[in-house]
Amino acid sequence: MPNPLLPFTRILSLTALTLALPAHAQWAVVDVFAQVQWPTQIRTMIEQYNTLRAQYEKLREQVIEATRTNEYITGASGKAWLLNGVIEQAERRWLPTSWQDVIAMQKIGLNPGRYADRLKWYEERLKSIDAKTIVQAIPGHRANWSYQLASEHTRAAFAAAEALFDQLDKRLRNLEALNEQIERADSLKQAVDLNSRMLAEQSFISIELARLQSMQLMLLASAQNGSNSGTATRAEFLKTR
């Protein structure tokens with residue numbers, strides 16, 4: 001005979017089993033606040049990405065520009081040799097390396113050119129005499145040496161100063177020619193090299209002016225020596241009287 005309590009017992013068992021299961025197995029836990037924040041976080045991440053990308057593009061442009069600039073200012077443009085060839089370099093050395101060699105040129109005729117030509121021109125017109133004839137009885141007398149020194153220095157300074165003046169005029173024309181080419185430079189490198197070449201030309205002018213000042217000092221010293229020699233000669237003459 002069937003048990004009338006069996007259905008009721010089964011219901012109680014199922015109910016007890018259901019109540020015994022964990023809570024998380026019954027209901028899913030949803031973080032509503034996190035879901036609300038996700039759109040904002042995504043927008044923030046996109047903005048950060050766009051900012052970083054813009055910074056990257058800016059840096060990339062700077063690198064490209066720096067590379068292009070480096071190409072413009074490196075390498076050889078050949079502008080250093082403008083008006084600076086073998087002939088121009090030789091012309092800058094129109095005087096010997098020392099003043100004694102400059103004086104010696106009057107006797108041995110070194111370095112043919114503008115200076116030698118002017119030196120010969122002045123020698124023919126100044127017509128100096130043999131220094132030993134000033135005080136004939138004493139060939140080594142100071143008056144003889146003073147006259148010879150003054151004559152040689154005067155001729156050398158006249159010739160050198162005239163040749164130097166011609167050189168300065170050529171330097172001016174070189175600067176004008178180089179300045180015109182700066183306006184026609186094809187690149188920054190060429191413009192920089194042209195400017196450097198102009199600075200070199202200005203340095204050559206400074207050297208020429210220094211030479212001129214040295215000659216002026218030499219002439220002043222020679223003139224002072226002549227005065228001193230005359231004073232000494234007079235003193236010796238009066239002493240023997």
Side-chain angles (χ1 to χ4, degrees), residues 30-99 101-102 110-116 118 159-218:
V30 178
D31 190 344
V32 177
F33 179 77
Q35 291 181 346
V36 172
Q37 292 297 316
W38 285 348
T40 303
Q41 294 175 355
I42 291 174
R43 285 194 299 270
T44 301
M45 293 175 63
I46 292 175
E47 291 175 357
Q48 292 175 348
Y49 167 78
N50 290 334
T51 301
L52 293 174
R53 183 177 179 83
Q55 292 176 352
Y56 166 77
E57 292 296 336
K58 186 65 175 179
L59 291 174
R60 182 171 174 273
E61 291 175 0
Q62 292 176 353
V63 170
I64 293 175
E65 184 64 25
T67 303
R68 186 181 298 111
T69 302
N70 182 65
E71 293 175 352
Y72 285 155
I73 63 176
T74 57
S77 65
K79 300 302 182 182
W81 300 109
L82 287 174
L83 305 174
N84 191 31
V86 176
I87 296 177
E88 287 80 9
Q89 293 180 22
E91 288 179 348
R92 289 199 295 269
R93 291 164 176 79
W94 53 274
L95 278 178
T97 57
S98 70
W99 183 254
D101 291 338
V102 170
L110 296 176
N111 288 20
R114 178 64 174 166
Y115 171 71
R118 301 317 299 162
E162 186 172 344
L164 175 59
F165 183 84
D166 295 341
Q167 288 289 326
L168 290 176
D169 181 69
K170 185 173 184 178
R171 296 275 174 257
L172 175 60
R173 286 184 275 110
N174 287 348
L175 286 173
E176 291 173 345
L178 292 170
N179 185 64
E180 290 178 0
Q181 293 204 27
I182 289 182
E183 297 297 331
R184 299 194 298 269
D186 296 329
S187 65
L188 175 62
K189 170 62 175 172
Q190 289 187 6
V192 171
D193 287 350
L194 283 168
N195 185 69
S196 299
R197 177 65 185 86
M198 290 183 65
L199 291 176
E201 195 69 22
Q202 292 174 1
S203 298
F204 296 149
I205 293 176
S206 298
I207 293 173
E208 302 289 3
L209 293 176
R211 283 176 171 174
L212 185 60
Q213 292 174 352
S214 297
M215 287 186 286
Q216 182 180 12
L217 292 174
M218 189 64 69

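Worth saying up front: this structure is predicted, and the values here are computed from it rather than measured.
- Annotation: side chain of L209 is in contact with side chain of L168 (closest heavy-atom distance under 4.5 Å).
- Note: D193 CG to Q181 CD = 12.0 Å, rounded to the nearest 0.5 Å.
- With respect to E201 and R197, a salt bridge is recorded, a charged nitrogen being found less than 4.0 Å from a carboxylate O.
- The CG atom of N174 sits 9.5 Å away from the CD atom of Q167 when rounded to the nearest 0.5 Å.
- Residues satisfying the side-chain contact (heavy atoms from CB on, under 4.5 Å) test with Q190, not counting sequence neighbours, are S77, K79, A185, D186, S187.
- The two residues A160 and M215 have their closest heavy-atom pair at CB-SD, 3.0 Å.
- Here the straight-line distance linking atom NZ of K58 with atom CZ of R60 works out to 13.5 Å at 0.5 Å rounding.
- Atom CD of E57 sits about 7.0 Å away from atom CD of E61, to the nearest 0.5 Å.
- Atoms CG and CG, from L217 and L212 in turn, are 10.0 Å apart once rounded to the nearest 0.5 Å.
- For E176, the salt bridge (Lys or Arg N to Asp or Glu O under 4.0 Å) test picks out no residue, with sequence neighbours left out.
- Heavy atoms of other residues, nucleotides or ligands lying less than 6.0 angstrom from CD of Q216 number 12 at most.
- Counting heavy atoms from C-beta outward, Y49 and M45 have side chains that stay 4.5 Å or more apart.
- Pairing each heavy atom of M198 with each of L178, the nearest pair is CG-CB, 3.6 Å.
- In this structure, the side chains of I64 and R68 come closer than 4.5 Å at one or more pairs of heavy atoms.
- Contact check for R173 versus D169: side-chain heavy atoms found under the 4.5 Å cut-off.
- Every residue two or more places apart in sequence or in another chain that forms a side-chain contact (heavy atoms from CB on, under 4.5 Å) with T44 is listed here: T40, Q48.
- N179 places no side-chain N or O within 3.5 Å of a backbone atom of L175 that could act as its donor or acceptor partner.
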